[in-house]
Amino acid sequence: MDSDDYVTRDWYETIYAGLEKYNPDCLVFDYFYTRDDVDEPQHIALPEKVDLKSFIYEQSLERELKNFLCNQVIRASFLKKVKFNETYHMLEDYNVLTRVMPTFENIVHINKCLYHYVQNESSLTHSVSSEVLWKNIGIVKAGYDYYSELELHVSINDYLIQVAAYLYDSKNQQFTTF
């Protein structure tokens, strides 16, 4: 959880109830994208019970189901098998998820916004160096390759998004020239 993010008042009771009812490997829930104190609900188009292939494919699209951990509760035994790469300034969640998701057998989606993902002008994503963006391309490409090795069908969308972010300098609102 980032320092400016926060959960809803009913987060604990809703998560607890979901864990008790389903005993999932991963419980994913909807969230709010909060900017300038305005909450924009981010509903994920997934059923209550989610099969692994659909979950991984949907996450690879980087549309509604984003590659971050803040809206997922994952069984501790899965997370004990991986480490966060401390050299990553971004996409550390993506790297961890890529390693643990293929081992999930029971995935549950709660169709309720329980988390506020807060964006403000000082957010890390607004001031990213080209070196970090270049590294992001490598992180996503490695994930894509890993899923391919496991014969899991994934979209190349997230990879293309990272390439586009590298090419487009949002600070100056122009494309990078070489």
State the NZ-CG distance between K141 and N136, to the nearest 0.5 angstrom. 15.5 Å
Using a strict threshold of under 4.0 Å (side-chain N to carboxylate O), is an ion pair present between D10 and K112? yes
Is it possible for you to say whether I44 and L61 belong to one hydrophobic cluster, with membership spreading through side-chain heavy-atom contacts below 4.5 Å? no
Separation between OG1 (T98) and CD1 (I56), nearest 0.5 Å, reads 8.5 Å
Could you go through the side chain to side chain donor-acceptor pair (under 3.5 Å) check for D51 and S54 one step at a time? CA-CA 6 Å; D51 68 276; S54 298; 2.7 Å; yes
Identify the two heavy atoms, one from P102 and one from L52, that lie closest to each other, and give their separation to 0.1 Å. O-CD2, 3.5 Å
Measuring centre to centre across the rings, with the benzene-like ring taken for any Trp, is Y94 within less than 6.0 Å of F68? no
I139/E92 under side chain to side chain contact (heavy atoms under 4.5 Å, CB included): CA gap, chis, key distance, verdict: CA-CA 9 Å; I139 294 167; E92 63 281 359; over 6 Å; no
Working to the nearest 0.5 Å, report the span between CD1 of I74 and SG of C26. 5.0 Å
Cation-pi between K53 and Y57: NZ/CZ under 6.0 Å from ring centre and within 45° of the ring axis? no
Mind listing the closest non-hydrogen atom pair of V96 and L79 along with its distance? CG1-CD2, 4.0 Å
So do the side chains of R99 and Y146 get within less than 4.5 Å of each other, counting heavy atoms only? yes
Once you round to the nearest 0.5 Å, how far does CD1 of I107 lie from CZ of F104? 6.5 Å
Co-membership, hydrophobic cluster, residues V108 and L97, 4.5 Å side-chain: no
Non-hydrogen atoms of P24 and G18 that approach each other most closely: CD-O, 4.0 Å
Please determine whether residues V38 and Y117 belong to a single hydrophobic cluster, defined as Ile, Leu, Val, Met, Phe, Trp and Tyr linked transitively by side-chain heavy-atom distances below 4.5 Å. no
Are any of the side-chain nitrogens in R75 or D25 under 4.0 Å away from the carboxylate oxygens of its partner? yes
Would you find a donor on one side and an acceptor on the other, under 3.5 Å apart, between the side chain of E105 and the backbone of T103? no
Validation row, ring centre Y115 to ring centre F32 under 6.0 Å: no
Heavy-atom side-chain proximity of E58 to E64 below 4.5 angstrom: yes
State, with a plain yes or no, whether a side-chain heavy atom of V73 is found less than 4.5 Å away from one of L19. yes
Search all heavy atoms of L69 against all heavy atoms of D93 and return the closest pair with its distance. N-OD2, 2.9 Å
Please determine, by modelled atom types, if D4 and H116 share a side-chain donor-acceptor pair under 3.5 angstrom. no
Between H43 and C113, which heavy-atom pair has the shortest distance, and what is it? CE1-SG, 3.7 Å
I'd like to know if the side chain of S148 pairs up with that of D145 as donor and acceptor (distance under 3.5 Å, no hydrogens or angles considered). no
Does the side chain of V28 reach to within under 4.5 Å of the side chain of I110, using non-hydrogen atoms? no
Just by distance, no angles: are the side chains of E48 and Y22 close enough, under 3.5 Å, to form a donor-acceptor pair? yes
Looking at K80, I want to see if its NZ is surrounded by more than 12 non-hydrogen atoms of other residues, nucleotides or ligands under 6.0 Å. no
For the student: nearest non-hydrogen atoms of Q72 and Q59, plus distance: NE2-NE2, 3.2 Å
Mark yes or no for whether S60, through its side chain, and S155, through its backbone, hold a donor-acceptor pair below 3.5 Å. yes
Determine, stepwise, if the pair H109 / D30 fulfils side chain to side chain contact (heavy atoms under 4.5 Å, CB included). CA-CA 8 Å; H109 170 236; D30 300 342; 2.7 Å; yes
Between N71 and K66, do the side chains contain a donor N or O and an acceptor N or O under 3.5 Å apart? no
Within a strict 4.5 Å, meaning less than it, do heavy atoms of the M101 and F78 side chains meet? no
Under a 4.5 Å cut-off applied to non-hydrogen side-chain atoms, are N111 and F29 in contact? no
When you compare the side chain of L114 with that of Y31, does any pair of heavy atoms fall below 4.5 Å? no
